Q: 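Here you go, one structure.
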Amino acid sequence: MNRDPWAPYELATAVDVDYLSAFATATDEDRRHWARTRQYGEEILPVINEHWENGHYPLDLVRRMGELDLFTDGLRIPGHAHFSPLAAGLVAMELSRADGSMAAAAAVQGGLVLRSLKFFGSPEQQEQYLEPVASGKLLGGFALTEPHHGSDAVGLESSARRDGKHWIINGHKKWIGNGAAGGITIVWVRDVADSQVKGFIIDQGTPGYEAAPVRGKGVLRAIEQAEIRLTDVRVPESARLTGAESFKEVSRALVDTRVNVGWSALGHAQFLFEAALQYAKQRTQFGKPLAAHQMIQERLAQMLAEITNMQLQCAAVAGIQAAGQLKDTQASLLKFHNTRAARRIASTARDLLGGNGILLENHVIRHVGDIEALHTYEGTESVQALILGRDLTGFSAFS
């Protein structure tokens, strides 16, 4: 087939390779949620590269996810769609297949903020916040990570001190998605009285709350993550998440979002594999399509094996979630395996596209970069390995 050498490559068409039918059990309702997310991805694809390149956070695209009811992440929120664990995974996968920044925004808004409100909020807090957060009308941040406490978040230093009917909060947070978006932030701090971790809902306009987006990022450039300084921030007792009394509750929220990361890694990898496959068919070198070369076919087969293993792990974890039996170690294994596999697929896809692999117009380099962030957040590879190692050996390598 003769191809116009000046025509752009068409690499974004979904191929939906599922070699071992990992998602064959998806119900019609699951597939409707998946299709709605695919629609969103098709809407944003023509514009997302410009936002990514310019480091611009398109809040209209974030709110559009709320309009399409994509934030609930398996939670039961009155008036909103309820996703099965498989549907929640497919939505996370499809968002990342479109763009990592918007997928990260959804993970914060639904996976962390909405989940914290649903799990730990008082009836009054849920009445006030669940609907606007689920609909995307109110953006929320989840402030756990600190400049000196990432992997060892349990050692956080930000503090809260009771003062009559109020709390005085001081501290420093970093890498907080939506932390400067003008909404609310759920801030996790240590109570100076009992040294336990507690959560507070803080309006970002509260005096003493200062936030600015982290600049200079080479990945996830279409979402703003804030550095936050809390200086004598005064909030009423009604702002405290009454269902969270220790770091154990924070960990409970993070288990499900770790599963979300495993699915997101699959979404990125799925795009990269399908882009490489389509490019290999369209690109001619040495007198024939790349896809006709033995070396290219071997690489595609290797990528297919990685993708299939990722899909099978995702589907297995979704089944365990549906049975209500998910363990934190199983979530760690999914995150550990899938982000590592996504990195390998990213490297192969980038290499297969040659110089065209670094052009934003082909989308590949955006996914390659964003996978690096995914590999790090919600617990680095090393942390997941230590969680698994502790489970396997009975010895903890954590301090």
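For reference, positions follow the sequence shown, starting with 1. Keep in mind it's a predicted model, so treat the numbers as computed, not measured.
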Q: I need the minimum non-hydrogen distance between A12 and L45, along with the two atoms involved.
A: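 The pair with the smallest heavy-atom distance is CB-CD2, 3.2 Å.
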Q: Scan side-chain atoms only and decide if T13 and E10 contain a donor-acceptor pair under the 3.5 Å cut-off.
A: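 The criterion, which ignores hydrogens and geometry beyond distance, is not satisfied for E10 and T13.
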Q: If I compare all heavy atoms of T72 with all of F83, which pair ends up nearest, and what's the gap?
A: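 Taking every non-hydrogen atom into account, OG1-CE1, 3.7 Å.
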Q: Just checking, R390 and F395: is the charged tip under 6.0 Å from the six-membered ring centre and within 45° of the axis?
A: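 No cation-pi geometry.
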Q: Please confirm whether the backbone N or O of L254 pairs with a side-chain atom of T257, one donor and one acceptor, at under 3.5 Å?
A: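 Present.
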Q: Give the minimum heavy-atom separation between D73 and G110, together with the two atoms involved.
A: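 Of all heavy-atom pairs spanning D73 and G110, the closest is CB-C, 4.4 Å.
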Q: Does the side chain of Q278 come under 3.5 Å of the side chain of Q282 through a donor N or O and an acceptor N or O?
A: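 No, because no side-chain N or O of Q278 sits under 3.5 Å from a partner of the opposite role on Q282.
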Q: Between CD1 of I77 and CD of E131, what distance do you get to the nearest 0.5 Å?
A: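 If I round to the nearest 0.5 Å, the distance is 9.0 Å.
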Q: Please step through side chain to side chain donor-acceptor pair (under 3.5 Å) for the pair T339 and E381, ending with a clear verdict.
A: CA-CA 8 Å; T339 61; E381 173 188 22; over 6 Å; no
Q: With the 4.5 Å side-chain cut-off for hydrophobic clustering, are V197 and F200 part of the same group?
A: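 No; F200 is not reachable from V197 via cluster members.
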Q: Measure from the ring center of W263 to the ring center of F23 and say whether it is less than 6.0 Å.
A: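 That pair passes the under 6.0 Å test.
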Q: For W175 together with Y377, are the ring centres under 6.0 Å from each other?
A: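 Not under 6.0 Å, so no.
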Q: For L388, does its backbone N or O pair with a side-chain atom of D391 as donor and acceptor, under 3.5 Å?
A: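 Answer holds: no.
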Q: Just checking, any donor-acceptor pair under 3.5 angstrom between side chains of Y9 and R283?
A: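 Y9 vs R283: donor-acceptor pair found between side chains.
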Q: Check whether Q109 reaches the backbone of F71 with its side chain - one donor and one acceptor, N or O, closer than 3.5 Å.
A: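 No; zero donor-acceptor contacts below 3.5 Å.
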Q: Is it the case that atom CD in Q302 sees more than 12 heavy atoms from other parts of the structure closer than 6.0 Å?
A: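 Yes, enclosed.
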Q: Has D69 got a side-chain atom pairing as donor or acceptor with H80's backbone, closer than 3.5 angstrom?
A: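 Checking the backbone N and O of H80 against the side chain of D69, no donor-acceptor pair under 3.5 Å is found.
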Q: Output yes when a side-chain donor or acceptor of D351 lies under 3.5 Å from a complementary backbone atom of S347, and no otherwise.
A: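 Not a single qualifying donor-acceptor pair exists.
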Q: Determine, for D194 against K198, whether the closest basic-nitrogen to carboxylate-oxygen distance falls under 4.0 angstrom.
A: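 Here D194 pairs with K198 in a salt bridge, since their nearest N and O are under 4.0 Å apart.
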Q: Report yes or no: do Q225 and K217 form a side-chain donor-acceptor pair below 3.5 Å?
A: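 Judged by distance alone, the side chains do pair up.
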Q: Can any side-chain N or O of T380 pair as donor or acceptor with the backbone N or O of T376 at less than 3.5 Å?
A: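 No: the side chain of T380 does not pair with the backbone of T376.
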Q: Could you verify whether a donor N or O on one side chain and an acceptor N or O on the other, from Y57 and S101, lie under 3.5 Å apart?
A: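 There is no such pair (donor and acceptor under 3.5 Å, judged by atom type) between the side chains of Y57 and S101.
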Q: Let me confirm one number: the CD-OG distance from Q128 to S238, rounded to the nearest 0.5 Å.
A: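 Between Q128 CD and S238 OG, I get 8.0 Å after rounding to 0.5 Å.
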Q: For E53, is there any backbone N or O sitting under 3.5 Å from a side-chain donor or acceptor partner on R221?
A: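 At least one qualifying donor-acceptor pair exists.
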Q: Could you check whether any side-chain N or O of T37 sits under 3.5 Å from a backbone N or O of L95, counting only pairs where one atom can act as donor and the other as acceptor?
A: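 Pair absent, no side-chain N/O of T37 close to backbone of L95.
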Q: What class does the angle between the rings of F286 and H293 fall in, given that below 30° is parallel, 30 to 60° is tilted and above 60° is perpendicular?
A: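 Taking H293 first and then F286, their aromatic rings stand perpendicular (interplane angle over 60°).
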Q: If you count the non-hydrogen atoms of other residues, nucleotides and ligands that lie under 6.0 Å from CD1 in I358, is the total more than 12?
A: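 No - once you tally the heavy atoms of other residues, nucleotides and ligands closer than 6.0 Å, there are 12 at most.
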Q: At their closest point, which heavy atom of I186 faces which heavy atom of W188, and how far apart are they?
A: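 Residues I186 and W188, closest heavy atoms: CG2-NE1, 3.6 Å.
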Q: State the CG-CG distance between N178 and L139, to the nearest 0.5 angstrom.
A: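 Output value for this atom pair is 5.0 Å.
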Q: Regarding E210 and R229, does a basic nitrogen lie under 4.0 Å from an acidic carboxylate oxygen?
A: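 No.
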Q: Kindly compute the distance separating CG (L11) from CG (L353), expressed to the nearest 0.5 Å.
A: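 Taking CG in L11 and CG in L353, the distance rounds to 6.0 Å.
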Q: Within the 3.5 Å criterion, strictly below it, is a donor on S84 or D30 matched to an acceptor on the partner's side chain?
A: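 Result is yes, a qualifying pair exists.
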Q: Would D370 and W52 count as a side chain to side chain donor-acceptor pair (under 3.5 Å) if you check the C-alpha gap in whole Å, the side-chain angles of each, and the deciding distance to 0.1 Å?
A: CA-CA 10 Å; D370 289 351; W52 194 96; 3.3 Å; yes
Q: Do any pairs count as a side-chain hydrogen bond (donor to acceptor under 3.5 Å, both in side chains) and have a residue in residues 305-322, sequence neighbours left out, and if so which ones?
A: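 Counting only pairs at least two positions apart or across chains, the side-chain hydrogen bond (donor to acceptor under 3.5 Å, both in side chains) contacts touching residues 305-322 are Q270-Q311, E306-R344.
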Q: Decide, yes or no, whether a salt bridge links E372 with R343 under the criterion of side-chain N to carboxylate O below 4.0 Å.
A: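 Yes.
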Q: Testing Q384, E378, H337 for side-chain hydrogen bond (donor to acceptor under 3.5 Å, both in side chains) with S332, which one passes?
A: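 So, applying the side-chain hydrogen bond (donor to acceptor under 3.5 Å, both in side chains) to S332 and each of Q384, E378, H337, only Q384 qualifies.
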Q: What is the distance from atom CG of L86 to atom SG of C314, rounded to the nearest 0.5 Å?
A: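 Going from CG on L86 over to SG on C314, the span is 9.5 Å.
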Q: Do the side chain of E237 and the main chain of K165 share a donor and acceptor less than 3.5 angstrom apart?
A: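 Between the backbone of K165 and the side chain of E237 there is no qualifying donor-acceptor contact (under 3.5 Å).
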Q: Decide, yes or no, whether a salt bridge links E274 with R97 under the criterion of side-chain N to carboxylate O below 4.0 Å.
A: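 Yes, charged N to carboxylate O under 4.0 Å.
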Q: Less than 3.5 Å apart, any donor N or O on the side chain of E157 or H172 sitting next to an acceptor on the other?
A: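 No.
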Q: Is D191 salt-bridged to R162, going by a charged N under 4.0 Å from an acidic O?
A: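 Looking at R162 together with D191, the answer is no, because their closest N to O distance does not fall below 4.0 Å.
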Q: Working to the nearest 0.5 angstrom, can you tell me the gap between T329 OG1 and L392 CG?
A: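 Rounded to the nearest 0.5 Å, the OG1-CG separation comes out at 8.5 Å.
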Q: Look at R252 together with E249 and state whether they make a salt bridge at an N to O cut-off of under 4.0 Å.
A: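 E249 and R252: not salt-bridged.
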Q: Has T206 got a side-chain atom pairing as donor or acceptor with I202's backbone, closer than 3.5 angstrom?
A: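 Checking the backbone N and O of I202 against the side chain of T206, no donor-acceptor pair under 3.5 Å is found.
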Q: If the threshold is 4.0 Å, N to carboxylate O, is there a salt bridge linking K173 and E227?
A: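 Salt bridge flag = no for E227 with K173.
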